[in-house]
Amino acid sequence: MTEGTTSAAEGVDTLTRLEQEGEIAADYLEGLLDIADLDGDIDMDVEADRASVSIVSDSSRDLQKLVGRDGEVLEALQELTRLAVHRETGDRSRLMLDIGGFRAKKRSELAELGAKAAADVKASGEPVKLDPMTPFERKVVHDAVAAAGLRSESEGEEPQRFVVVLPA
């Protein structure tokens, strides 16, 4: 087999590893929900070569506490969950956590922002600088800009790192 290709067995191994990450994350998050006395169901999936775990509930008010202002608590919980997975597996996790659909909604809004910025750049021929964003947010915008046929770069230092959409 040539370098850069994967066999079916490697694909299954990756899927199994990601499913294991999801299981570990789900157990960890179930414990947190119990401690916080919050109701929520945990959904697991594998998306884009990473484990994806979502906490959903009929009562989004309860889950809002776990999202926090602008997703700050969600980001912290994601990092804690990744650490829990790392502790169990010894491997760094790229797991994505969503709570109450916050990240899915944010992804949609950011994709729209990226597409609009790309359209503005196409119309004006001038670069457009966007407000500072988290790494997740920048990734979504970069993907939307690329889908529009333009390129973008991240500039600045955390936490003030931002996306610049460039003309073709």
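In what follows, every heavy atom counts, from backbone to side chain, and hydrogens, waters and symmetry copies are set aside. Along the sequence shown, residues carry numbers from 1. On a predicted model such as this, the values are computed, not experimentally measured, just so you know.
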**Report entry** Atom CG of D34: over 12 foreign heavy atoms under 6.0 Å
**Finding:** yes

Requested in this report: Might you confirm whether atom CD of E158 has over 12 heavy atoms from other residues, nucleotides or ligands at distances under 6.0 Å?
Outcome: yes

Query raised in the report: Is the backbone N or O of A148 less than 3.5 Å from a side-chain atom of K122, with the two atoms forming a donor-acceptor pair by type?
Result: yes

Query raised in the report: Are any side-chain N or O atoms of R138 and backbone N or O atoms of M133, one a donor and one an acceptor, separated by less than 3.5 Å?
Result: yes

Supply the atom-to-atom distance [X] [atom1] to [Y] [atom2], rounded to the nearest 0.5 angstrom.
{"X": "I55", "Y": "L29", "atom1": "CD1", "atom2": "CG", "result": "4.5 Å"}
{"X": "L166", "Y": "K129", "atom1": "CG", "atom2": "NZ", "result": "10.5 Å"}
{"X": "K65", "Y": "I99", "atom1": "NZ", "atom2": "CD1", "result": "13.0 Å"}
{"X": "D98", "Y": "K106", "atom1": "CG", "atom2": "NZ", "result": "12.5 Å"}
{"X": "T81", "Y": "E21", "atom1": "OG1", "atom2": "CD", "result": "11.5 Å"}

Short N-O contact, [X] and [Y], less than 4.0 angstrom:
{"X": "K116", "Y": "E112", "value": "no"}
{"X": "K139", "Y": "D143", "value": "yes"}
{"X": "E75", "Y": "R103", "value": "yes"}

Query raised in the report: Checking side chain to side chain donor-acceptor pair (under 3.5 Å) for the pair H142/S152: CA distance, chi angles, key distance, verdict?
Result: CA-CA 6 Å; H142 286 306; S152 57; 2.5 Å; yes

Query raised in the report: Do F102 and L33 belong together in a cluster built from hydrophobic side chains that touch within less than 4.5 Å?
Result: yes

Query - Verify same cluster id: L97, L32 (apolar side-chain graph, 4.5 Å) - result: yes

Requested in this report: Walk me through it: do E88 and Y28 pass the test side-chain contact (heavy atoms from CB on, under 4.5 Å)?
Outcome: CA-CA 11 Å; E88 292 289 322; Y28 177 77; over 6 Å; no

Report task. With sequence neighbours excluded, tell me which residues meet salt bridge (charged side-chain N to carboxylate O under 4.0 Å, His left out) with D27. Result -> none

**Report entry** Residues forming a salt bridge (charged side-chain N to carboxylate O under 4.0 Å, His left out) with E79, sequence neighbours excluded
**Finding:** R82

Requested in this report: Please test M44 against E23 for side-chain contact (heavy atoms from CB on, under 4.5 Å), starting from the C-alpha separation and ending with a verdict.
Outcome: CA-CA 8 Å; M44 295 176 294; E23 291 288 338; 3.3 Å; yes

Report task. Please write out which residues are connected to V85 in a hydrophobic cluster, directly or through intermediates, given that two of Ile, Leu, Val, Met, Phe, Trp, Tyr count as joined at side-chain heavy-atom separations below 4.5 angstrom. Result -> I24

